[in-house]
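Computed over heavy atoms, backbone and side chain alike; hydrogens, waters and symmetry mates excluded. So that the names make sense, note that chain A is the first sequence line, chain B the second, and so on, each numbered from 1. Quick caveat: nothing in here was measured; it's all calculated off a predicted structure.
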Amino acid sequence: MSEERSLNFIEEIIEKDLEAGTHEGRVHTRFPPEPNGYLHIGHAKSICLNFGLAKKYNGKCNLRFDDTNPVTEDTEYVESIMNDVRWLGFDWDELHYTSDYFDQLHDFAVDLIKKGLAYVDDSTSEEIAATKGNIDRPGTNSPFRDRTVAENLQLFTEMREGKYADGEKVLRAKIDMAHPNMLLRDPIIYRIKHAHHHRTGDKWCIYPMYDFAHGQSDSIEKITHSICTLEFIHHRPLYDWCIDKLGIFPSHQYEFARLNLNYTVMSKRKLLQLVNEKQVNGWNDPRMPTISGMRRRGYTPESIRKFAETIGVAKRENLIDIGLLEFCVREHLNKVALRRMAVLDPIKLIITNYPEGQTETLSAENNPEDENGGHRPISFSNTLWIERDDFMENPPAKYFRLGVGLKSRLKHAYIVECTGFKKDENGNVTEIYCTYFPESKSGSDTSGIKVKGTMHWVDANTAETAEIRLYDRLFKVENPATEEGDFKDYINTDSLSTISKAYIEPALKDATLADRFQFLRIGYFALDTDSTADHIVFNKTVGLKDSWSKEQKKG
RNA sequence: AGUUCUAUGGUGUAAAGGUAGCACAACUGAUUUUGGUUCAGUUAGUCUUGGUUCGAAUCCAGGUAGAACUACCA
């Protein structure tokens, strides 16, 4: 029995097409972002789908920048998008820009005019909206609807030549002002914009609308399966209309449900707002659902691809638990992350029976999940940093770490027994004292002592320091987009907390941006791009599963 | 109100007329020098009402619920 995964509905369509010999068995998809923002995890789903389908069916996938609106688009976004797609592990077969087709698209418009299927309209935008009708009321014909072909040709030429100001005239398709689908009520297909385009410069002052560019671009590239999200479903009749009237290659559009993740927002408009209003520190802020944000936070391409595969592809609206993404991240990081020790909230532990000034070097495995992971040396002395919450003055039952009289193991080192502690005048514990059992050394333990708890630690004599940034969900509610009022009212103001001085083991000093670490018992961490040789900065990628805090919450 | 789309455990997603399965989450337990990992197990689902059929998540009809559409954005 083969491990065959069931097909999603798009794969079913493709396999049916393959069987029927449609397009000579060719599968050609495309990923068509508009370069007006950074890519987010929702785009990642689409990228994995489109490029994944091409790979699975031995086909091709293009990257096409849908750049028909010069006022919002920028090469900065083009660069970031290419970078993100490559980082995710995909490479396009062809790179295109809709703007490369402007000449052809213009000729298509002329063709439509000649066929009597398009006309130049002098109405204002308000007039066009007013005569469009309503969802349950038909629209009315524009007074300019019956201009002659010759007149339309002349006017459209003048539009292109820059004779008119923005908004003075538009070119509309002549379809049906009473159509139940609003998009077919003589949609605008060309508008005047005297704007500088990031690629074509000042060559054009008229630009095609999405509906007059997308399907034709697919057709020009001989795309067989044009996959987009559900909100474009109403556009499909128009997509088909253009291809049909123009008599060009019949690309076909299929729609799937976009990804929604809880506790975040996924619209470029909202994300741009967060960036512009400095609610976050740029598009690649580690709290952002952008690919660049996740990369900076320490997520891996493997984990994002696995996530995309796990959530599946269907046509019903969904709201995926962010926990599933985090699961995929942990799952991959568990296999590849180097284990290291770091103490985020330090308190001093003094071993009273370990000779002052003595040090020894212990061996610590780099990754228990990887047989070939090797070991590293770590130093040990009588003064260590341990985590503040690994000690309790009045420990409850089932607490496995330190409290006076309790024993616990120092990972990779010895078992210690807590003998006392010191408080300052404010009642805060400042030092913890313990004795160690020399014969309990890790790997050669002959002490016979059994302990349930193990703690991480860092030798105070050799420790380095680092800044650590911890992240929480960006929003306080599951779905800020559907909440009453402004989505920004639901921002979690505690989504970033910074630890300015944590103690880390010396091996971490050489970390690079490509490294992934597990700080033992805490979580997964990656170097931040702000990090320098003198000031090391780590991001917490995601925490370890924590069944102790769960236990505590139960009370 | 019109049109279009959708409806399966808490969340996702399978089952193409024949045992409702998988993943995450939750909960037990075992293992563990990370309260991590791993392993074993438990809880929990076909929107509703009819119809067709020996048999319906699946086919048909009617409800109900949710979403999308009325930008010179994509």
Side-chain angles (χ1 to χ4, degrees), chain A residues 5-8 12 32-34 36-37 66-69 71-73 98 121 123-125 128-129 132-139 166-172 179-183 185 187-193 206-207 209-211 213-214 228 230-237 255 257 259 262 268-269 309-321 323-328 330-331 334-335 339 341 365 368-369 398-401 408-413 415 440 442-443 445 450-456 518-523 543-552:
Chain A
R5 234 184 104 83
S6 57
L7 304 178
N8 63 49
E12 280 177 12
E34 183 189 11
N36 68 346
D66 211 347
D67 53 354
T68 57
N69 186 359
V71 303
T72 58
E73 294 152 7
T98 302
D121 195 335
S123 306
T124 64
S125 133
I128 290 177
K132 195 129 201 184
N134 207 309
I135 270 167
D136 51 359
R137 198 180 64 245
D166 289 10
E168 210 174 323
K169 284 181 168 41
V170 290
L171 183 70
R172 299 177 74 178
H179 200 104
N181 182 339
M182 302 289 296
L183 288 165
R185 319 246 262 228
I188 293 167
I189 56 179
Y190 257 95
R191 77 291 215 192
I192 299 168
K193 272 182 195 284
I206 56 170
Y207 293 93
M209 297 287 289
Y210 167 85
D211 285 305
H214 202 96
C228 62
L230 242 34
E231 63 269 28
F232 289 96
I233 199 161
H234 304 286
H235 294 248
R236 186 165 25 138
E255 310 85 13
L259 165 67
N262 61 8
K268 274 198 265 185
R269 204 196 95 248
E309 186 188 314
T310 305
I311 58 176
V313 178
K315 295 183 80 158
R316 97 181 74 130
E317 301 285 335
N318 57 78
L319 182 62
I320 309 261
D321 193 333
L324 181 59
L325 211 208
E326 294 180 337
F327 166 81
C328 294
R330 283 194 199 97
E331 188 186 41
N334 177 48
K335 292 190 195 110
R339 269 56 172 179
M341 294 202 284
E365 63 187 344
E369 305 295 319
K398 289 207 279 185
Y399 182 81
F400 302 152
R401 289 101 88 182
S408 189
R409 174 176 290 281
L410 293 165
K411 180 75 178 173
H412 304 307
I415 291 173
S440 68
S442 200
D445 186 348
K450 290 275 178 271
V451 292
K452 294 198 94 166
T454 301
M455 306 180 301
H456 60 278
Q518 183 197 103
F519 291 178
L520 244 47
R521 302 209 300 135
I522 302 175
L544 251 28
K545 242 178 146 178
D546 187 355
S547 47
W548 167 245
S549 68
K550 214 183 268 178
E551 181 79 22
Q552 279 179 309

task: Would you classify A:Val313 as touching base, sugar-phosphate or nothing, given that sugar-phosphate means primed atoms plus P, OP1 and OP2, and contacts are heavy atoms under 4.0 Å?
output: sugar-phosphate
statement: When A:Pro180 and A:Ala314 are each assigned the nearest nucleotide of RNA chain B, the 5'-most assignment goes to A:Pro180
statement: In this structure, CD of A:Glu255 is separated from NE2 of A:His235 (nearest 0.5 Å) by 10.0 Å
task: Indicate yes or no: at least one non-hydrogen side-chain atom of A:Leu259 is less than 4.5 angstrom from one of A:Ile320.
output: yes
field: Base-pairing string, 5' to 3', of RNA chain B - Watson-Crick or wobble, under 3.5 Å, | interstrand
entry: .((((((..((((....[..)))).(((((.......)))))....(((((..]....))))))))))).....
task: Give the minimum heavy-atom separation between A:Pro237 and A:Ile233, together with the two atoms involved.
output: CD-O, 3.7 Å
Distance (rounded to the nearest 0.5 Å) between A:Leu230 CG and A:Arg316 CZ: 12.0 Å
- prompt: Looking only at heavy atoms, which two atoms of A:His234 and A:Asn181 are closest? And how far apart?
  reply: O-ND2, 3.0 Å
Could I get a table of every N or O pair under 3.5 Å where one atom is in the protein and the other is in nucleotides 8-10 of chain B?
{"unit_1": "B:U8", "atom_1": "OP2", "unit_2": "A:Arg316", "atom_2": "NH1", "d": "3.1"}
{"unit_1": "B:U8", "atom_1": "O4", "unit_2": "A:Arg316", "atom_2": "NH2", "d": "3.4"}

- request: With rounding to the nearest 0.5 Å, note down the distance linking NZ in A:Lys545 to NZ in A:Lys550.
  value: 6.0 Å
field: Residue pair A:Ser408 / A:Val451: nearest heavy atoms and the distance that separates them
entry: N-CG1, 4.0 Å
- line: Protein heavy-atom contacts under 4.0 Å, written 5' to 3' over nucleotides 32-42 of chain B as B (base), S (sugar-phosphate only) or - (none), form the string -BBBBS-----
Identify all pairs in which a protein N or O lies below 3.5 Å from an N or O of nucleotides 72-74 of chain B, and state each distance.
{"unit_1": "B:C72", "atom_1": "N4", "unit_2": "A:Ser125", "atom_2": "N", "d": "3.4"}
{"unit_1": "B:C72", "atom_1": "N4", "unit_2": "A:Gly167", "atom_2": "O", "d": "2.7"}
{"unit_1": "B:C73", "atom_1": "OP2", "unit_2": "A:Arg191", "atom_2": "NE", "d": "3.1"}
{"unit_1": "B:C73", "atom_1": "OP2", "unit_2": "A:Arg191", "atom_2": "NH2", "d": "2.6"}
{"unit_1": "B:C73", "atom_1": "OP2", "unit_2": "A:Lys193", "atom_2": "NZ", "d": "3.3"}
{"unit_1": "B:C73", "atom_1": "O3'", "unit_2": "A:Arg191", "atom_2": "NH2", "d": "3.2"}
{"unit_1": "B:C73", "atom_1": "O2'", "unit_2": "A:Asn69", "atom_2": "ND2", "d": "3.2"}
{"unit_1": "B:A74", "atom_1": "OP1", "unit_2": "A:Thr68", "atom_2": "OG1", "d": "2.7"}
{"unit_1": "B:A74", "atom_1": "OP1", "unit_2": "A:Arg191", "atom_2": "NH1", "d": "3.4"}
{"unit_1": "B:A74", "atom_1": "OP1", "unit_2": "A:Arg191", "atom_2": "NH2", "d": "2.8"}
{"unit_1": "B:A74", "atom_1": "OP2", "unit_2": "A:Tyr210", "atom_2": "N", "d": "3.0"}
{"unit_1": "B:A74", "atom_1": "O4'", "unit_2": "A:Glu34", "atom_2": "OE1", "d": "3.4"}
{"unit_1": "B:A74", "atom_1": "O3'", "unit_2": "A:Asp66", "atom_2": "OD2", "d": "3.0"}
{"unit_1": "B:A74", "atom_1": "N6", "unit_2": "A:His235", "atom_2": "NE2", "d": "3.1"}

statement: Here the gap from A:Arg185 atom CZ to A:Asn134 atom CG, rounded to the nearest 0.5 Å, amounts to 7.5 Å
field: Separation of the P atoms in B:A16 and B:U58, to the nearest angstrom
entry: 13 Å
field: Whether A:Tyr210 and A:Phe232 hold their rings parallel, tilted or perpendicular, with breakpoints at 30° and 60°
entry: tilted
Could you go through nucleotides 19-23 of chain B and list every protein N or O atom that sits under 3.5 Å from one of its N or O atoms, giving the distance for each pair?
none

statement: Here the gap from A:Thr72 atom OG1 to A:Asp67 atom CG, rounded to the nearest 0.5 Å, amounts to 9.5 Å
field: Pairwise C1' distance for B:A44 and B:U28, with rounding to whole Å
entry: 15 Å
- prompt: Of A:Arg339, A:Arg521, A:Lys411, which is the lone residue that meets side-chain hydrogen bond (donor to acceptor under 3.5 Å, both in side chains) with A:His456?
  reply: A:Arg521
- line: Those residues at least two apart in sequence (or on a different chain) that pass ring-ring contact (aromatic ring centres under 6.0 Å, His included) with A:His412 are none
query: What's the CG-P distance between A:Asn318 and B:A14, to the nearest Å?
result: 11 Å
field: For the student: nearest non-hydrogen atoms of A:Val313 and A:Asn8, plus distance
entry: O-CB, 3.6 Å
task: Looking at every strand, decide which applies to A:Ile320 at a 4.0 Å heavy-atom threshold: base, sugar-phosphate, or nothing.
output: sugar-phosphate
